[in-house]
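Whatever order the structure lists ligands and atoms in, that order sets their numbers, starting from 1.
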Amino acid sequence: MNVFSIFGDPVSHSRSPLMHNCVFKALNIDACYSRTHLTEGSALRDTFFAKALSGANVTVPHKEAAYAQCDEVRGIAKTIKAVNTLVLEEGKLIGYNTDADGFMSAIGSFGEIHTALIIGAGGTARALSIALSHGGITPTILNRSRGRLEYFECEGFECFDWEEFSVRPYDLIINTTSAGLSDNELPLPRPILIELLSQTKGAIDVIYGKETPFLREVKVSALPYKDGSDMLLEQGVLANHLFFHGAYPIDQIRSAMKHSFSF
Ligand code: NDP
């Protein structure tokens with residue numbers, strides 16, 4: 001039996017075990033997927049091998065630690081410098097980032113997008129800014145503080161903190177902050193957000209499973225919007241496809257995994 005797990009701290013909230021086990025059951029795959037609460041990111045590699053895993057996902061706050069402990073990193077994860085999917089290949093730990101491609105699939109329904117404003121400058125903002133840029137969409141990054149903007153400046157993206165920012169139109173507004181996850185905060189001062197929403201075509205919050213204060217404001221503005229569920233689904237579909245080296249068709253994985261969202 002192939003054994004998989006998700007590493008994170010916290011990890012109890014993660015929907016990944018449900019999503020992947022649903023696929024294993026539907027496609028008759030002899031495998032199971034569990035959670036691993038890992039406090040020390042530096043122990044990730046040893047824990048992976050000690051549990052004899054065939055693959056894993058990595059969530060907050062260990063994606064950078066996972067990147068550092070792979071034998072090889074492939075695709076967009078090399079630029080993002082963060083890994084959310086690990087696959088064992090001939091005894092070696094191979095790292096990928098499926099958050100980026102998962103997000104790009106999720107925003108397909110917004111139609112043609114040329115510019116996007118990313119609110120937040122953490123690991124998710126990094127993945128999304130690179131993915132957008134590779135997809136021909138110009139990202140601008142807006143964060144409450146300057147500290148984390150350095151990475152984006154080095155990538156050549158336009159960056160602002162709240163004080164420097166002045167509103168202009170963007171096709172898509174993306175909340176990648178954790179504001180609203182376990183509090184009732186907006187990711188931006190309300191007057192700035194309201195003005196931004198009056199000049200955009202759509203908005204997405206990467207947080208899933210709850211209506212954040214950000215999404216409540218978006219709803220009031222009557223814009224097309226999404227939460228992070230589609231991104232979650234798509235990153236999971238791509239990870240599952242990698243776990244078995246492409247042996248199972250993407251469409252079958254997606255339809256089985258989608259089923260787990262109805263529970
Ligand atoms: P990080 O901790 O790396 O970054 C958090 C960012 O949010 C920072 O820029 C921080 O600003 C900002 N921030 C936090 N609180 C506030 C606040 N109250 N007001 C304004 N800004 C704030 O987190 P990640 O990038 O790893 O994750 C961010 C979110 O994305 C999480 O909620 C996570 O659940 C979600 N996510 C969803 C996925 C999906 O599949 N749908 C996939 C991956 C992540 P500062 O620099 O000033 O501290």
Side-chain angles (χ1 to χ4, degrees), residues 6-16 18-20 41 57-67 76-77 80-85 96-107 117-131 139-153 157 159-165 173-190 192-193 196 203-215 217 225-240 254 257-258 260-261:
I6 178 158
F7 292 94
D9 179 22
V11 77
S12 58
H13 68 286
S14 172
R15 294 185 63 90
S16 291
L18 188 62
M19 289 160 56
H20 289 278
N57 288 116
V58 184
T59 187
V60 181
H62 300 315
K63 292 181 190 179
E64 283 86 3
Y67 169 85
I76 203 164
I80 301 166
K81 299 187 174 26
V83 155
N84 81 323
T85 301
Y96 300 88
N97 189 306
T98 67
D99 285 334
D101 289 340
F103 176 77
M104 292 308 282
S105 299
I107 63 168
L117 180 72
I118 298 177
I119 311 171
T124 309
R126 281 189 190 199
L128 271 45
S129 64
I130 300 293
T140 298
I141 294 85
L142 173 60
N143 200 38
R144 65 179 170 185
S145 59
R146 275 224 73 79
R148 298 201 214 195
L149 292 176
E150 197 183 348
Y151 168 88
F152 302 91
E153 278 165 348
F157 302 143
C159 301
F160 301 99
D161 64 23
W162 289 0
E163 289 197 358
E164 302 160 333
F165 184 69
I173 310 292
I174 307 159
N175 177 34
T176 72
T177 75
S178 37
L181 183 64
S182 49
D183 53 37
N184 207 28
E185 307 255 317
L186 282 170
L188 274 181
R190 193 163 178 274
I192 302 180
L193 182 59
L196 270 171
I204 179 164
D205 196 328
V206 299
I207 294 173
Y208 56 86
K210 68 174 289 193
E211 189 179 85
T212 58
F214 173 79
L215 279 189
E217 290 294 348
Y225 71 92
K226 273 190 175 188
D227 74 355
S229 304
D230 284 357
M231 176 183 171
L232 178 72
L233 170 69
E234 294 300 332
Q235 64 75 31
V237 168
L238 296 171
N240 195 286
R254 183 178 293 109
M257 201 173 266
K258 237 181 194 170
S260 74
F261 283 71

Considering all heavy atoms, the nearest [X]-[Y] contact:
| X | Y | value |
| --- | --- | --- |
| G122 | R148 | CA-NH1, 3.7 Å |
| L232 | M19 | O-CE, 3.4 Å |
| L149 | A121 | CD2-CB, 4.0 Å |
| A100 | I80 | CB-CD1, 4.0 Å |

Are side-chain N/O atoms of S105 and D230 paired as donor and acceptor at under 3.5 Å?
-> no
Ignoring hydrogens and angles, state whether a donor on the side chain of S16 or N57 is under 3.5 Å from an acceptor on the partner side chain.
->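 The criterion, which ignores hydrogens and geometry beyond distance, is not satisfied for N57 and S16.
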Quick one: look up the protein heavy atom nearest [atom] and list residue, atom name and how far away it is.
| atom | answer |
| --- | --- |
| atom 28 (C) of ligand 1 | T176 O, 3.1 Å |
| atom 14 (C) of ligand 1 | S178 OG, 3.5 Å |
| atom 12 (C) of ligand 1 | T177 CB, 3.7 Å |
| atom 42 (C) of ligand 1 | M231 CE, 3.7 Å |

Short side-chain to backbone donor-acceptor contact, E164 and D161, under 3.5 Å =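 Pair found, side chain donor or acceptor close to backbone of D161.
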Of all the atoms in ligand 1, which lie at a distance below 4.0 Å from a heavy atom belonging to [X]?
| X | value |
| --- | --- |
| G123 | 3 (O), 25 (O) |
| S145 | 45 (P), 46 (O), 47 (O) |
| A121 | 9 (O) |
| G228 | 41 (N) |

Indicate yes or no: does an N/O atom of [X] lie under 3.5 Å from an N/O atom of ligand 1?
| X | result |
| --- | --- |
| I207 | no |
| T124 | yes |
| R148 | yes |
| A125 | no |
| V60 | no |
| Q235 | no |
| D183 | no |
| V206 | yes |

Gap between atom OG1 of T176 and atom CZ of F103 - 0.5 Å precision | 9.0 Å
CG-CZ distance between L188 and F214, expressed to the nearest 0.5 angstrom =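 Going from CG on L188 over to CZ on F214, the span is 8.0 Å.
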Name the option, out of G120, P187, S182, that contains the heavy atom nearest to atom 20 (C) of ligand 1.
->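 Selected option, by shortest heavy-atom distance: P187.
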Should one rank K63, E185, R144, E64 by closest heavy-atom distance to atom 16 (C) of ligand 1, which comes out on top?
-> R144
Flag this pair as yes if the NZ/CZ of R15 is under 6.0 angstrom from the six-membered ring centre of Y208 and inside a 45 degree cone about the axis; otherwise no.
->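 No, R15 does not lie over the aromatic ring of Y208.
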Verify the neighbour count for atom CD of E153: are there more than 12 heavy atoms of other residues, nucleotides or ligands below 6.0 Å?
->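 Check passes, neighbour count above 12.
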Are any non-hydrogen protein atoms located under 4.0 Å from atom 33 (C) of ligand 1?
->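 Under the 4.0 Å cut-off, atom 33 (C) of ligand 1 has no protein heavy-atom neighbours at all.
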Aromatic ring pairing F165/F160, orientation class (parallel under 30°, perpendicular over 60°, tilted between) = perpendicular
